[in-house]
Amino acid sequence: MSRAPSEVSAVRAPRDTVSAWTRLRRWFLRHPGVARLGVILILLVIWEIAARFYVDPNYLSPPSTVVFAFDDVLATNGVPDALGVTFYELAVSFALAVVAGVAIGLPVGLSRFAHRSFMPIILLLYGTPQVTILPIFVLLFGIGPASKIAFGISHGVFPVIILVAAGVQNIKPIYLVSARSMGANRWRILRHVIFPHMIPSFFTSMRLAMTAVLLGVLLAELYVSTAGIGYFTSVFTQDFNPTKLIGLVAILAAMAIVLNEAVRRAELHYGRWRA
Amino acid sequence: MRRPGAGKRRERGLSRLVQVGFAVFLLAAWYVATTWGEVSHLLLPNPVNVWHQLVSILASGEFVPDLRVTLGELAIAFAIAMSLGITLGYLISRSPYAIKVFEPLFSGIFSIPIILFLPLYVLFFGLGPASKIALGATIGFFPIVLNTIAGFGNVDRVLIAAARSMGAGNLQMFRHVLMPAALPVILAGLRMGFTVALLTIIGSETIASLSGLGHRIVNLAENMDMARMFAYIAFVVVIAAFLNAVVSAVEARGRR
């Protein structure tokens with residue numbers, strides 16, 4: 001009889017540790033984000049070790065050095081201005097691409113005839129590899145911001161045209177007919193029927209346009225640049241200064257992530273009203 | 001009496017006419033502006049001249065070395081992206097937990113314009129083909145791995161349970177259930193990976209390289225040899241369109 005308590009505790013003790021272990025495992029299983037962070041950390045550690053001990057420091061810097069060199073990058077003469085120029089190019093070409101895309105996409109989507117005539121041409125242009133004509137943009141618009149903005153627009157405008165036209169076409173004809181039969185004029189139909197129905201596809205098109213504009217502007221920046229970040233990436237590359245180069249690229253990547261996330265949030269927010 | 005559908009057919013003919021008219025108008029405007037207009041030949045060469053240059057490029061075969069470099073880079077980059085993407089994608093898709101861990105990671109990285117990393121790749125791999133292959137493989141990897149995860153991860157549970165209960169082994173399961181269900185999605189990923197790898201390779205040749213079609217175009221632009229540059233651009237556009245058509249045809253075949 002006196003053995004019973006110790007037996008119970010002997011049985012219970014391992015079961016307790018097991019349940020703690022399982023609880024930990026379950027917690028991990030419920031939070032995949034933690035494991036994701038772990039994966040990123042492991043990659044960073046591999047990078048750190050490789051850069052510290054195995055790779056020539058002329059070509060690769062460890063992430064710890066890069067993080068502490070952010071101040072250095074931003075203190076480099078001209079880099080803050082260059083980031084400003086790049087941001088300005090991105091903003092202007094995004095805005096113009098969206099405006100031009102809506103201005104072309106609306107008429108193309110609203111008229112069946114225009115859609116059938118011009119959509120194949122638009123899709124054909126969208127499908128051609130635009131990097132091949134990058135030198136023409138530079139010859140036409142010079143090596144300043146104008147060529148970057150133009151190249152960004154030529155990347156961003158097509159997804160907007162296509163999605164806006166598709167969004168307009170998906171409106172049920174009965175809405176248009178009933179609005180017209182209730183005496184709405186052209187402008188009122190646009191304002192109260194077509195625009196509200198366009199909103200979800202419009203915000204989706206903004207997200208795609210942002211991705212495309214980022215690609216176009218950065219391609220043009222890297223190709224040739226006098227004041228933007230493209231100039232500094234080539235300077236840092238020629239100086240074999242991987243610390244500053246990685247730092248600058250990281251700042252730009254962060255900028256891209258923020259811009260992408262902003263339009264994605266907008267899409268989620270404004271896209272759900274009817275779905 | 002009008003036959004039904006006649007109006008529709010007429011409208012279709014009319015839009016075809018508009019398309020042809022648009023192309024003819026562009027060509028005519030181009031010709032007129034460069035022949036009699038005040039447009040500088042350094043900005044826009046004469047179309048006839050461009051055509052002669054294109055014929056001479058094709059006849060002399062001088063495009064062959066550059067084309068070989070670009071296609072070689074593309075082939076190696078795509079092979080790397082495909083093998084890594086499908087292998088990793090399959091392994092990840094085996095566990096729903098791994099999908100939750102890795103899928104957002106990959107799609108997050110994929111949303112960054114990866115061309116940004118080109119200077120790093122050039123610093124690390126040099127100006128030669130290696131940096132193009134590495135960057136093309138990196139960019140091509142993401143759509144392939146994401147679609148492989150989606151393809152294998154979304155196979156109907158009922159099909160898997162049915163095959164199991166009928167006694168299918170792992171290999172049979174893969175061959176007769178998983179693969180046919182996932183193949184269309186994977187093929188779409190392969191097509192996307194191929195397209196972005198092609199664009200990236202031409203783009204990075206344009207930005208920093210020693211050879212390849214993109215390099216040739218930039219070289220001609222720097223020498224102000226505009227007619228020949230336009231001819232090369234037309235050539236590259238046709239090559240790209242041809243490659244994309246081939247890949248789309250392969251995808252359509254596999255989908256059936």
Side-chain angles (χ1 to χ4, degrees), chain A residues 28-29 32-36 38-40 55 58-60 112-118 120-121 124 127-136 138-140 211 214-219 222-224 229-230 232-234 236-238 240-242 245-246 248-249 252-254 256-257 260-261 264, chain B residues 11-12 14-19 21-23 42-44 97-105 108 111-120 122-125 195 198-200 202-208 213-214 217-218 220-222 224 226 229-230 232-237 239-241 244:
Chain A
F28 258 105
L29 286 175
V34 179
R36 203 176 306 139
V39 171
I40 295 172
V55 185
N58 276 336
Y59 298 104
L60 189 65
R112 218 163 51 112
F113 179 68
H115 188 265
R116 190 172 292 153
S117 304
F118 290 109
I121 298 176
L124 186 72
T128 54
Q130 294 192 40
V131 270
T132 53
I133 56 170
L134 177 52
I136 299 180
V138 174
L139 284 168
L140 279 178
T211 314
L214 277 167
L215 177 66
V217 168
L218 292 173
L219 265 173
L222 294 174
Y223 174 54
V224 61
I229 51 92
F232 287 97
T233 55
S234 55
F236 293 155
T237 310
Q238 280 151 21
F240 287 97
N241 192 338
L245 183 60
I246 297 171
L248 183 61
V249 168
L252 285 167
I257 291 171
N260 274 332
E261 192 59 23
R264 202 182 63 88
Chain B
E11 198 180 277
R12 194 167 301 157
L14 215 59
S15 34
R16 189 66 69 208
L17 199 71
V18 168
Q19 283 163 20
F22 186 74
L42 287 180
L43 286 182
L44 196 61
Y97 181 63
I99 293 180
K100 272 190 226 148
V101 172
F102 285 100
E103 206 263 355
L105 190 65
S111 73
I112 306 173
I114 297 177
I115 192 80
L116 256 183
F117 301 136
L118 176 64
L120 299 176
V122 168
L123 183 61
F124 205 80
F125 294 101
T195 311
L198 172 65
L199 287 181
T200 307
I202 294 178
S204 47
E205 280 177 357
T206 307
I207 293 168
L213 289 169
I217 291 172
V218 172
L220 291 167
E222 280 163 359
M224 290 289 176
M226 300 315 286
M229 183 188 86
F230 270 68
Y232 258 105
I233 289 175
F235 178 67
V236 173
V237 167
I239 294 276
N244 283 336

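Throughout, protein chains are lettered first and strands after them, A, B, ... in sequence-line order, and every chain is numbered starting at 1.
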Part of B/L213 lying under 4.5 Å from any heavy atom of chain A: neither
Region of A/V34 that comes under 4.5 Å of a non-hydrogen atom in chain B: neither
Region of A/I257 in contact with chain B, defined by heavy-atom distances below 4.5 Å: side chain
A/I121, part contacting chain B, at a heavy-atom distance under 4.5 Å: side chain
Gap between atom CG of A/L218 and atom CD1 of B/I114 - 0.5 Å precision: 12.0 Å
Side chain / backbone / both / neither for A/I40 at chain B, heavy atoms under 4.5 Å: side chain
Gap between atom OG1 of B/T206 and atom CD1 of A/I133 - 0.5 Å precision: 11.0 Å
Under 4.5 Å from a heavy atom of chain A, the part of B/A240 involved: side chain
Pairwise side-chain contact, B/M229 with A/I136, heavy-atom cut-off 4.5 Å (strictly under): yes
Side-chain donor/acceptor of A/R36 to backbone N/O of B/K100, under 3.5 Å: yes
Contact class of B/Y232 relative to chain A, heavy atoms under 4.5 angstrom: neither
Exercise: identify the closest heavy-atom pair between A/L214 and B/P113: CB-CG, 4.0 Å
From B/Q19 atom CD to A/L124 atom CG, the distance as rounded to the nearest 0.5 Å: 10.0 Å
Atom group of A/V249 that falls short of 4.5 Å from chain B, counting heavy atoms: both
Approximate separation, where rounding is to 0.5 Å, of A/L215 CG and B/T200 OG1: 8.0 Å
Heavy-atom pair of closest approach, residues B/V101 and A/V39: CG1-CG2, 4.1 Å
Shortest non-hydrogen contact between B/Y97 and A/A35, atoms and distance: OH-CB, 3.3 Å
4.5 Å side-chain heavy-atom contact, B/L199 and A/Q130: no
Residue A/F236 versus chain B: region with a heavy atom under 4.5 Å: neither
Heavy-atom check, side chain of A/P242 versus side chain of B/L123, under 4.5 Å: yes
